[in-house]
There are 2 protein chains.
Amino acid sequence: MMNIGEAAAASGVSAKMIRYYEETGLIPPAGRTSSGYRTYGPKEVQILRFVRRARDLGFPMEKVADLLALWRDRSRASADVKHLAEAQVQALEARIREMQEMKAALQHLVHSCAGDQRPDCPILDDLGGHMASAGLSAMAR
Amino acid sequence: MMNIGEAAAASGVSAKMIRYYEETGLIPPAGRTSSGYRTYGPKEVQILRFVRRARDLGFPMEKVADLLALWRDRSRASADVKHLAEAQVQALEARIREMQEMKAALQHLVHSCAGDQRPDCPILDDLGGHMASAGLSAMAR
DNA sequence: TATGGACCTTCCCATGATTGGAAGGTCAAG
DNA sequence: CTTGACCTTCCAATCATGGGAAGGTCCATA
């Protein structure tokens, strides 16, 4: 049995976040010693690592909760899990695409800027431009 | 002269955010009518559009403030602006790379999952795995 | 001129995930 | 027995944004 600090070190989740996950119900309340310290065993650490890894993979907390439920449910079909993961891949793809569009637009501006001592700068001209800038403005951020 | 609602419509920045930008000092305080309404002219709307566009391009607020300062400074060199924009391109590239790594890791898992009725699922196996998962865990999110 | 509705004002709250700190209790080693 | 490193709870801040309440203003129409 470990205390919260050891569990944090073993799982890669900070003690602060472990308490937060418990408070929000993502993970079940930890056991307590007679003096009130939280206790964690290997199983709990594994759950924490699960959460950590899923967060690393970009799953929002809500989806992590879904994954945890599937993980705990021995009878679930792997198709359910695969579906969640595929949705997450698509969410990542969408965000990547968005950011690539931003980058392309910005690079275009960078390339058209002399970058010397003169004050003329197409980048600022574009940013302050009088046109509606409808294209990029439509991008949800 | 427009009121805040008209300025919001003309700039694409919500009234809420206009007040917030003013409060945080990103933009100077707007003029007021005798009854306390904020007033905006074409110049102010242009500034708001500038902010909006820069945010669309992924600039964090802090960098937007830098860009605004350069914009207002008639004597600045275009190199300064270009430098900021290049840094932003690199920041975007780094984030894109991170997310592509996440996506690749997740796709790898998806491909190795049968996705049928059986409960065996490499995705969950990996997430809860006993290994340290050092590689991806090192990725800052 | 009164009234209604669409606007404005300020103020507070919530989000999501995380970090920080203060005040106080506990544990283990010296 | 003291010291320092841990633990506990509670409260606050972050960042950019949205939601809403309570109250004032503006304007068109009845």
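Bear in mind that the values here come from a model prediction, so they are computed numbers and not experimental data. Lettering follows sequence order; numbering is per chain, from 1. What you see below is based on every heavy atom in this structure, not just the backbone, and it leaves out hydrogens, waters and symmetry mates.
One atom, CG of Leu26(A), and another, P of dG16(C), lie 13 Å apart when rounded to the nearest Å. Rounded to a whole Å, the CD atom of Glu23(A) is 14 Å from the C1' atom of dA12(D). Straight-line distance from the CZ atom of Arg19(A) to the P atom of dA17(C): 19 Å, rounded to whole Å. Rounded to whole angstrom, the span from the CD1 atom of Ile18(A) across to the P atom of dC6(D) amounts to 14 Å. For Lys63(B) and dC15(D), the NZ to C1' distance is 16 Å, given to the nearest whole Å.
Here the CD atom belonging to Glu44(A) is positioned 10.5 Å from the CD atom belonging to Glu22(A), to the nearest 0.5 angstrom. Note: Ser11(A) OG to Arg53(A) CZ = 14.0 Å, rounded to the nearest 0.5 Å.
Comparing dG20(C), dG19(D), dC15(D) by their closest approach to the side chain of Lys16(B) singles out dG19(D). Counting only heavy atoms from C-beta on, Met17(B) has its side chain closest to dT17(D) among dT9(C), dT17(D), dT9(D). Of the candidate nucleotides dT9(D), dA17(C), dA16(D), dA16(D) has the atom nearest to the side chain of Arg55(B).
Residues Leu70(B) and Leu106(A) fall within the same hydrophobic cluster, defined by Ile, Leu, Val, Met, Phe, Trp and Tyr side chains chained together at heavy-atom separations under 4.5 Å.
Closest non-hydrogen pair, Leu84(A) versus Lys63(A), comes out as CD2-CD, 4.1 Å. What you find for Leu67(B) and Ala54(B) is that their closest heavy atoms are CD1-CB, 4.3 Å. The nearest pair of heavy atoms linking Arg52(A) to Gly12(A) is NH1-O, 2.6 Å. Minimum heavy-atom separation, Ala85(A) to Phe59(A): CA-CZ, 4.1 Å.
Residues Met2(A) and Thr39(A) have side chains not in contact (no heavy-atom distance under 4.5 Å, counting atoms from C-beta outward). Arg72(B) places a side-chain heavy atom less than 4.5 Å from the side chain of Ile47(B). Here the side chains of Tyr20(A) and Met61(A) are in contact, with some heavy-atom distance below 4.5 Å. Under the 4.5 Å side-chain criterion, counting only non-hydrogen atoms from C-beta, Tyr37(B) is not in contact with Ile4(B).
Between Arg38(B) and dT10(C), a side-chain N or O to OP1/OP2 separation shorter than 4.0 Å is present. Contact annotation: Tyr21(B) reaches the phosphate of dT17(D) (side-chain N/O to OP1 or OP2, under 4.0 Å).
Defining each end axis of the helix from dT1(C)-dA30(D) to dG30(C)-dC1(D) as the rotation carrying four pairs' C1' atoms onto the next four, with five pairs an end, the two axes are found to diverge by 30° to 10 degrees.
A heavy atom lying under 4.0 Å from DNA chain D marks the following residues of residues 29-37 of chain B, by number: Ser35(B), Tyr37(B). Residues from residues 2-13 of chain B lying near DNA chain D, meaning a heavy-atom separation below 4.0 Å, are absent.
Comparing Ala15(B) and Tyr20(A), the nucleotide of DNA chain C nearest to each residue sits closer to the 5' end for Ala15(B).
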